[in-house]
Amino acid sequence: MTILHWFRDDLRLGDNPALNHASQLAKTAYVYILEEEASSLGGAAQVWLHHSLSALNQQLQGNLLLYKGKASDILPELMETLNAERLTMTRRYHLAGVKTDAEITETLSGLGKSASVISGNLLWEPEEIAKQDGTPYKVFTPFYRRGCLNAQPPRLPLPAPELDHAAIGVNNALPLEELGLLDGSHWQTEITNDWEISEQGGHSRLEAFSNASGSDGINDYVDGRNFPAKTNVSRLSPYLRFGQISAHQAWHEAGKNKRPDDRQLDIFRSELGWREFSYSLLHFNPDMKTDPLQTRFASFGWAENPEHLKKWQRGQTGYPIVDAAMRELYQTGYMHNRVRMIVGSFLVKNLLLHWHHGEAWFWDCLFDADRANNSAGWQWIAGCGADAAPYFRVFNPVTQGQKFDPDGRYTRAYVPELQDMPNKYLFNPWDAPKDVLARARVQLGKSYPFPIVDLKASRQRALDAFADLPKSKI
DNA sequence: CGGGACTTGGA
DNA sequence: CCAAGTCCC
């Protein structure tokens with residue numbers, strides 16, 4: 001007997017309950033399908049996926065079968081060819097995926113075969129965390145503190161199984177190149193040098209974070225994670241996105257050198273909690289990518305300004321911390337969390353552009369672009385999310401820059417035209433006296449743009465617009 | 001320079 | 001009461 005494991009966002013052998021289940025029962029075959037669906041992968045994520053599949057195939061000694069198309073067309077035939085009786089897969093939470101999985105299960109059952117959807121990518125399943133009245137939480141803090149932390153603690157990670165590869169007499173599988181994941185994007189060149197894109201790479205990253213010395217990594221996570229020039233954030237997001245490490249591995253590994261009540265560990269784990277919260281929101285609000293969770297936002301008067309949008313995307317807004325972050329994103333496929341909030345607030349509040357624009361750009365540019373986290377994050381910063389993010393919370397890119405990049409190391413790295421600006425005016429060069437600008441060889445409007453909007457006026461415009469929202473959430 | 005104002009869900 | 005913030009006095 002043969003079992004087919006269908007890899008999706010669980011591209012790992014360790015701590016993979018569905019794969020373990022398969023391997024305990026029979027010889028195992030493996031497939032990845034590049035599914036064609038409405039919300040296809042962004043450019044950066046495609047590059048990540050390409051390298052991930054290459055690495056996974058090596059781990060599987062070349063036994064990973066690759067296809068492109070509709071899973072419901074491909075799988076029944078493939079299982080017939082392999083003489084596989086059962087399909088295993090790790091549970092997923094976005095509507096298109098959930099529907100596909102239900103459809104496949106139904107089809108296979110009609111063919112006398114079976115399918116098992118097994119949980120493995122979340123610490124707590126959405127159904128496990130509910131308020132007293134049984135309805136899902138809408139605010140992070142009670143979700144995490146009352147809900148998650150009082151529920152069953154996350155189990156220990158499972159070891160990678162002993163795999164017994166099934167013989168694969170299949171000749172219609174595609175070579176990796178033919179998935180077309182590297183076609184026509186600038187992400188594939190030098191940017192992948194910064195990352196070891198594999199399960200092993202995820203573990204190295206997690207190890208470096210958990211086992212850091214001095215005030216690196218988790219040791220100063222609480223404060224250090226807010227400073228984009230510091231090395232305190234875990235940078236695990238792309239690995240979590242594609243399942244190269246599991247949340248359980250991150251949860252437990254991070255705690256191996258810490259007391260269980262260490263505040264650094266608590267806060268790191270609460271960030272994993274944000275991921276759980278996003279997935280819970282996605283599960284209970286399948287249209288979260290497009291529809292505001294607060295329906296009173298449905299007819300909000302967003303501005304239309306393609307010119308502003310383009311300048312935001314390219315890091316040409318004239319606000320150095322915003323521009324640094326947007327350039328980091330485009331150049332590297334990654335953006336530090338603190339500055340994600342700053343650029344998000346700037347787009348949605350100061351430019352008053354629809355959060356969909358931000359969601360789409362991040363989706364295309366981030367290695368870690370994740371259906372749940374990306375939508376939830378943008379709704380949160382726009383104030384239309386479930387969390388009670390107050391509409392008056394407008395980040396000030398000058399203050400935020402001065403506070404979180406005090407020596408300008410991060411900003412100068414991505415905005416080299418301000419290399420010689422003194423810290424005092426780095427985040428507001430338009431305030432600098434003429435002689436300071438001259439000494440720094442900065443010509444506003446030429447070597448670096450003037451601000452595309454006035455901070456005070458645009459903030460007030462946003463506050464007025466948001467104050468005009470209907471009170472009712474129905 | 002510190003406190004209070006701005007909002008809203010949840011215990 | 002508390003929450004990834006800012007402004008004004």
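Every chain is numbered from 1, with letters handed out A, B, ... down the list of sequences.
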Completion exercise
In whole angstroms, the gap separating C1' of C:dA4 from CH2 of A:W378 amounts to 14 Å
Handout entry: Cationic tip of A:R338 above A:F404 ring, under 6.0 Å, 45° of axis
Key = yes
Practice task
Would you indicate which nucleotide in B:dT8, C:dC8, C:dC7 comes nearest to any side-chain atom of A:T399?
Solution key: C:dC7
Completion exercise
Considering only heavy side-chain atoms of A:V139, the closest of C:dT6, B:dT8, B:dG9 is B:dG9
Handout entry: Aromatic A:Y137 / basic A:R146 pairing, under 6.0 angstrom, 45° off normal
Key = no
Exercise for the section: For A:N337 and C:dA4, give me the distance from atom CG to atom C1', rounded to whole Å. Expected result: 8 Å
Problem - Between C:dT6 (P) and A:F427 (CZ): distance, integer Å - result: 13 Å
Practice task
Determine yes or no for a side-chain-to-main-chain donor-acceptor pair under 3.5 angstrom, with A:D9 supplying the side chain and A:G243 the backbone.
Solution key: no
Practice task
Decide whether A:T90 and A:D10 meet the rule of one side-chain donor and one side-chain acceptor closer than 3.5 Å.
Solution key: yes
Handout entry: Below 4.0 Å: OP1/OP2 of B:dA11 and any side-chain N or O of A:Y137
Key = yes
Exercise for the section: Calculate the interatomic distance between A:N350 atom CG and C:dT6 atom P; express it in whole Å. Expected result: 11 Å
Exercise for the section: Tell me which nucleotide among B:dG10, C:dT6, B:dT8 gets nearest to the side chain of A:R459. Expected result: C:dT6
Problem - Nearest-Å distance for atom pair CZ/P, residues A:R145 and B:dG9 - result: 19 Å
Practice task
Kindly label the base of C:dA4 as syn or anti, based on whether its glycosidic torsion lies within 90° of 0.
Solution key: syn
Handout entry: N/O donor-acceptor pair under 3.5 Å between A:H50 side chain and A:G180 backbone
Key = no
Practice task
Kindly confirm or rule out a cation-pi arrangement of A:R8 over A:W6, judged by NZ or CZ under 6.0 Å from the six-membered ring centre and within 45° of its axis?
Solution key: yes
Problem - Nucleotide pairing, DNA chain B (Watson-Crick or G-U, distances under 3.5 Å), in dot-bracket with [ ] and | - result: .|||||.|||.
Problem - Out of B:dT8, C:dG5, B:dG10, whichever nucleotide has its closest atom nearest the side chain of A:K131 - result: B:dG10
Handout entry: Rounded distance in Å between the P positions of C:dA4 and B:dC1
Key = 25 Å
Practice task
Could you state the atom-to-atom distance from CD1 of A:I267 to P of C:dA3 in whole Å?
Solution key: 10 Å
Exercise for the section: Classify the nucleic acid contact of A:Q400 as base, sugar-phosphate or nothing, counting any heavy atom under 4.0 Å across all strands shown. Expected result: sugar-phosphate
Practice task
Establish, yes or no, whether the cationic atom of A:K230 lies under 6.0 Å from the six-membered ring centre of A:Y410 and within 45° of the ring axis.
Solution key: no
Exercise for the section: Quickly work out the A:R146 CZ to B:dG10 P distance and round it to whole Å. Expected result: 13 Å
Problem - Any A:N396 side-chain nitrogen or oxygen under 4.0 Å from OP1 or OP2 of C:dC7 - result: yes
Exercise for the section: Name the nucleic acid region contacted by A:Q460, choosing base, sugar-phosphate or nothing; use a 4.0 angstrom heavy-atom cut-off, strictly under. Expected result: nothing
Exercise for the section: Would you mind reading off the distance between A:N150 atom CG and B:dG10 atom P, rounded to a whole angstrom? Expected result: 16 Å
Exercise for the section: Look at A:K138 and B:dG9 and indicate whether a side-chain polar atom (N or O) is within less than 4.0 Å of OP1 or OP2. Expected result: no
Practice task
Establish, for the pair A:R340 and A:Y334, whether the NZ or CZ atom is under 6.0 angstrom from the six-membered ring centre and no further than 45 degrees off its axis.
Solution key: yes
